[in-house]
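In this text, all values refer to a predicted model and were calculated from it rather than measured experimentally. Chain identifiers are assigned alphabetically (A, B, ...) following the order of the sequence lines, protein sequences preceding nucleic acid strands; residue numbering begins at 1 within each chain.
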Amino acid sequence: MSATERNIEERGERKSLNFIEQIIEEHNKSERFNQKVHTRFPPEPNGYLHIGHAKSICLNFGLANKYNGKCNLRFDDTNPATEDVEYVDSIREDVHWLGFDWQDREFYASDYFGQLYDFACSLIKKGLAYVDDQPSDEIARQKGTPTQPGTESPFRSRTPEENLDLFERMKNGEFAEGSKILRAKIDMSSPNMHMRDPAIYRIRKTPHHRTGGAWNIYPMYDFAHGLSDSIEGITHSICTLEFEVHRPLYEWINNQLVDHKPQQIEFARLNLSYTVMSKRKLKELVEGKYVKGWDDPRMPTICGLRRRGYTPESIRNFSERIGVARRDGIIDLALLEHSIREDLNRRASRVMSVLDPLKVTLVNYPENYSEEVKAINNPEDPEAGTRNVTFTHELYIEREDFMENPPKKFFRLSPGGMVRLKYAYIIKCLDVVKDDHGNIIELKCEYIPESKSGNDTSNIKVKGTLHWVSIAHSQQIEVRIYDRLFMDEEPDGHKDKDFKDFLNPESLKILKNCFLEQSVNTVDLKQRFQFERKGYFCHDKDSSVSNPVFNLTVPLRDSWAKISGNVN
RNA sequence: UGUCCCAUGGUGUAAUUGGCAACACGUCUGAUUUUGGUUCAGAAGAGUCUAGGUUCGACCCCUAGUGGGACAACCA
């Protein structure tokens with residue numbers, strides 16, 4: 001656990017409990033679950049996990065951890081038509097990567113298909129479930145509307161014997177998909193639509209990714225979920241707000257069939273500004289090639305954030321900070337960015353890289369000479385030590401660090417102006433070289449020999465310090481600059497517009513002419529870097545030996561951008 | 001013309017009913033700084049959706065209203 005996490009936790013323990021913790025502590029007082037806390041994270045393996053899932057994962061595992069309980073990983077795989085092992089693997093990887101361990105408790109709703117079938121039979125025997133032969137559209141019609149009661153199915157009064165027989169034959173594959181369905185017999189006039197004889201088992205002849213062709217019928221979510229929770233001894237079944245209206249059904253089913261009855265608790269799902277979070281929309285972005293895949297660094301998926309350079313710790317801190325409640329809202333993306341900056345500031349090695357090079361020639365520095373200057377790897381961490389960087393008469397600086405006609409508060413390089421090259425010398429700009437089109441292509445500068453970092457006797461005070469690389473001692477790299485994927489705070493919050501209308505055309509900029517100091521070995525890189533004065537970067541999997549690629553994780557805060565009006 | 005949930009600075013969360021409200025992010029000042037980063041010091045910003053009620057006392061309890069959300073998949 002990090003110092004930040006500990007601080008947050010201590011603050012939390014000293015102060016208030018979130019509403020779920022309050023419920024748990026009430027249960028502990030009343031001994032409802034014998035002081036036990038057992039949660040589960042129940043993804044459906046039909047898509048990749050995103051930052052919203054991370055909130056749920058941190059919540060479920062975090063609560064278990066806090067109350068000395070356990071948290072299971074359970075795949076809610078009751079719909080073979082949409083699910084796949086590809087997703088199972090990615091989910092497993094993502095939960096692990098986030099830092100959580102479910103030990104030997106990796107379960108699948110499909111593990112319980114046998115038991116679930118038996119439970120359905122008992123429901124039938126109790127006269128609380130029946131097989132309906134009507135087509136789905138007819139059943140839907142009879143459901144009524146939220147304001148009008150439904151009507152009862154003509155098959156509602158079949159005898160348990162007949163239902164049992166029919167249900168068994170459904171299982172045996174005697175009937176076509178959609179021709180019959182098992183429904184719970186509850187109340188067609190309930191104000192809660194979910195209580196109007198909900199479907200609990202349907203015929204599906206699609207092979208299941210785990211049970212293969214063993215089953216011709218599959219339980220519906222409402223039937224399988226609560227019973228799976230009960231089977232696993234879950235005490236607190238935490239889910240998002242949209243399941244709130246399912247809670248009466250969740251409880252009805254468990255009340256009919258089992259002794260151990262978990263408590264379902266709903267919380268508001270995470271919404272992040274400038275992004276979309278629904279699986280459907282993320283899938284649309286991937287399939288429509290608006291992004292390069294589920295792990296595109298612009299995606300809010302766990303794998304996308306990972307590739308972007310986010311650390312598990314930063315995501316855990318983020319979920320701690322956003323809290324948990326029952327009202328929906330939108331979290332400011334700035335909070336996520338703050339979390340990763342905070343983490344990377346502490347641990348990322350600083351290196352110098354020029355992303356938009358402008359050549360600087362030091363006219364008074366010997367041509368065939370070079371010196372090694374000492375650079376600090378991480379000012380936040382003395383243990384990180386130092387490294388040497390080579391200094392010569394031909395350098396690159398950042399193009400934006402020079403202005404021919406600078407505004408007042410610009411304290412970088414300009415004609416006649418002086419600036420320090422970090423860890424090296426102060427230089428003075430003597431001349432601006434332009435091409436035929438008037439573009440600046442080079443600066444002729446002189447260096448001040450007495451100004452060398454470490455033993456500066458020049459007595460010159462400069463306001464700016466620039467990063468740089470020696471042209472002869474740098475390596476060319478590709479840098480991918482990412483910005484928010486959407487230009488609107490709530491891209492899916494406009495009734496008359498498609499969320500894709502707000503796609504940011506500049507969400508990815510590929511810079512191929514960047515130069516990185518030689519000290520960095522760009523082969524087989526796992527660590528994250530701060531490119532001085534620019535931001536945090538990580539090595540991308542698209543890298544090759546001849547073309548190293550770095551992703552921008554997040555830029556440094558930039559108060560100059562605010563002053564100069566170049567705010568993102 | 002229904003049922004249920006929600007409502008606290010810009011954003012997100014707090015506040016054993018009992019000191020006109022705290023924390024984080026964001027914003028703004030200033031200091032430090034060989035990263036316009038970090039750090040440090042400070043500031044602005046809500047009187048808790050509205051109206052009643054209970055109470056000596058309400059962000060908190062009750063009622064009504066308003067606003068937002070959820071609910072009619074053989075999805076989860």
- Give none if rA70(B) has no partner; otherwise give the nucleotide forming a Watson-Crick or G-U wobble pair with it, both distances under 3.5 Å. rU3(B)
- Answer with base, sugar-phosphate or nothing: what part of the nucleic acid does Val324(A) contact at a heavy-atom distance below 4.0 Å? sugar-phosphate
- Task: For RNA chain B, determine which residues of residues 185-198 of chain A have any heavy atom closer than 4.0 angstrom to one of its atoms, and list them numerically.
- Result: Pro191(A), Met193(A), His194(A)
- Message: How many whole angstroms separate atom CD of Glu244(A) from atom C1' of rA70(B)?
- Response: 7 Å
- Rounded distance in Å - CD1 (Ile331(A)) to C1' (rG10(B)): 13 Å
- Residues Arg210(A), Glu83(A): salt bridge by 4.0 Å N-O rule: no
- Query: Counting any heavy atom closer than 4.0 Å, what does Glu489(A) reach on the DNA or RNA strands: base, sugar-phosphate only, or nothing?
  - Reply: nothing
- Item | Arg533(A)/Asp558(A) salt bridge by N-O under 4.0 Å criterion | no
- Message: Measuring from the side chain of Ala334(A) (C-beta onward, heavy atoms only), which nucleotide among rC74(B), rG26(B), rA14(B) has the closest atom?
- Response: rG26(B)
- Task: Pick the C1' atom in rC20(B) and in rG37(B), then give their distance to the nearest Å.
- Result: 39 Å
- Message: What is the separation between atom CZ on Phe267(A) and atom P on rA70(B), rounded to the nearest whole Å?
- Response: 17 Å
- Task: Would you mind reporting whether Phe223(A) and Leu123(A) have side-chain heavy atoms less than 4.5 Å apart?
- Result: yes
- Establish, for the pair Lys374(A) and Tyr423(A), whether the NZ or CZ atom is under 6.0 angstrom from the six-membered ring centre and no further than 45 degrees off its axis. no
- Looking across every strand, which nucleic acid part, if any, lies under 4.0 Å from Ser273(A) by heavy atom: base, sugar-phosphate, or nothing? nothing
- Message: When you measure from the side chain of Glu21(A) to the backbone of Asn18(A), do you find a donor-acceptor pair of N or O atoms at a distance under 3.5 Å?
- Response: yes
- Message: Could you tell me if Arg484(A) sits above the aromatic ring of Tyr274(A), with its cationic atom closer than 6.0 Å to the ring centre and no more than 45 degrees from the axis?
- Response: yes
- For atom CG of Leu333(A) and atom C1' of rC25(B), their distance in whole Å: 12 Å
- Spacing of the P atoms in rC4(B) and rU13(B) (rounded, Å): 24 Å
- In the structure shown, which nucleotide is the Watson-Crick or G-U wobble counterpart of rU63(B), with both distances under 3.5 Å? rA51(B)
- Task: Keeping the roles fixed (side chain from Lys180(A), backbone from Val131(A)), state whether a donor-acceptor pair exists under 3.5 Å.
- Result: no
- Query: Is Arg347(A) paired with Asp343(A) through a side-chain N to carboxylate O contact shorter than 4.0 Å?
  - Reply: yes
- Is the shortest distance from a Lys or Arg side-chain nitrogen in Arg202(A) or Glu177(A) to a carboxylate oxygen in the other one below 4.0 Å? no
- Message: Can you list, in residue-number order, the parts of residues 171-183 of chain A that come under 4.0 Å of RNA chain B, counting heavy atoms only?
- Response: Gly178(A), Ile181(A)
- Item | Nucleotide rG68(B), atom P - distance to CG of Leu241(A) in whole Å | 17 Å
- Message: Taking rU17(B) as the reference, what is the distance to rG53(B) when you measure between their C1' atoms (whole Å, please)?
- Response: 16 Å
- Task: Identify which nucleotide among rU11(B), rA72(B), rA24(B) has an atom closest to any side-chain atom of Arg321(A), counting heavy atoms from C-beta outward.
- Result: rA24(B)
- Message: Using 30° and 60° as the class boundaries, would you call the ring planes of His194(A) and His246(A) parallel, tilted or perpendicular?
- Response: tilted
- Message: Please classify the nucleic acid contact of Tyr218(A) as base, sugar-phosphate, or nothing, using heavy-atom distances under 4.0 Å.
- Response: nothing
- With rounding to whole Å, what would you report as the distance between rG52(B) and rG68(B) at their P atoms? 23 Å
- Using the P atom as the reference point in each nucleotide, state the distance between rU66(B) and rU11(B) in Å, no decimals. 24 Å
- What distance, rounded to whole Å, do you find between the two P atoms, one in rA31(B) and one in rG69(B)? 47 Å
- Note on the structure: Closest of rA15(B), rA72(B), rC25(B) to the Gln22(A) side chain is rA15(B)
- Message: Taking the C1' atom in each of rA76(B) and rC61(B), what is the distance between them to the nearest angstrom?
- Response: 37 Å
- Message: Quick check on rC75(B): is either OP1 or OP2 less than 4.0 Å from any side-chain nitrogen or oxygen of Arg204(A)?
- Response: yes
- Note on the structure: So CG of Asp133(A) and CD of Glu138(A): to nearest 0.5 Å the spacing works out to 12.5 Å
- Task: Let me know the distance between CD1 of Ile330(A) and P of rU13(B), rounded to the nearest Å.
- Result: 11 Å
- Item | Syn-anti status, with the boundary at 90° from 0, for the nucleotide rG57(B) | anti
- Considering only the C1' atoms, how many Å lie between rU27(B) and rU50(B), rounded to the nearest integer? 30 Å
- Query: What is the distance from CG of Asp222(A) to P of rC75(B), rounded to the nearest Å?
  - Reply: 12 Å
- Look up atom OG1 in Thr82(A) and atom CG in Asp77(A), then write down how far apart they are to the nearest 0.5 Å. 10.0 Å
- Task: Classify the nucleic acid contact of Pro135(A) as base, sugar-phosphate or nothing, counting any heavy atom under 4.0 Å across all strands shown.
- Result: base
- To the nearest 0.5 Å, atom SG of Cys239(A) lies from atom CD of Glu266(A) at 5.0 Å
- Between Arg269(A) and rC6(B), does any side-chain N or O lie under 4.0 Å from OP1 or OP2? no
- Who is the Watson-Crick or G-U wobble partner of rA43(B), with both distances under 3.5 Å? rU27(B)
- Task: Would you give the length of the straight line joining atom OG1 of Thr211(A) to atom OH of Tyr108(A), rounded to the nearest 0.5 angstrom?
- Result: 12.5 Å
- Pairing partner of rA14(B) (Watson-Crick or G-U wobble, both distances under 3.5 Å): none
- Starting from the 5' end of RNA chain B, give me the residue, Asn79(A) or Ala325(A), whose nearest nucleotide shows up first. Ala325(A)
- G-U wobble or Watson-Crick pairing nucleotide for rU35(B) (cut-off 3.5 Å, both distances): none
- Item | Under 4.0 Å protein heavy-atom contact, by nucleotide of nucleotides 27-42 of chain B - B base, S sugar-phosphate only | SS-----BBBBS----
- Query: Does Arg346(A) offer a backbone N or O that forms a donor-acceptor pair with the side chain of Asn378(A) under 3.5 Å?
  - Reply: yes
- Item | Lys283(A) NZ to rC75(B) C1', straight-line distance once rounded to whole Å | 12 Å
- Item | Comparing Pro146(A) and Met220(A) on RNA chain B - which has the more 5′ nearest nucleotide | Pro146(A)
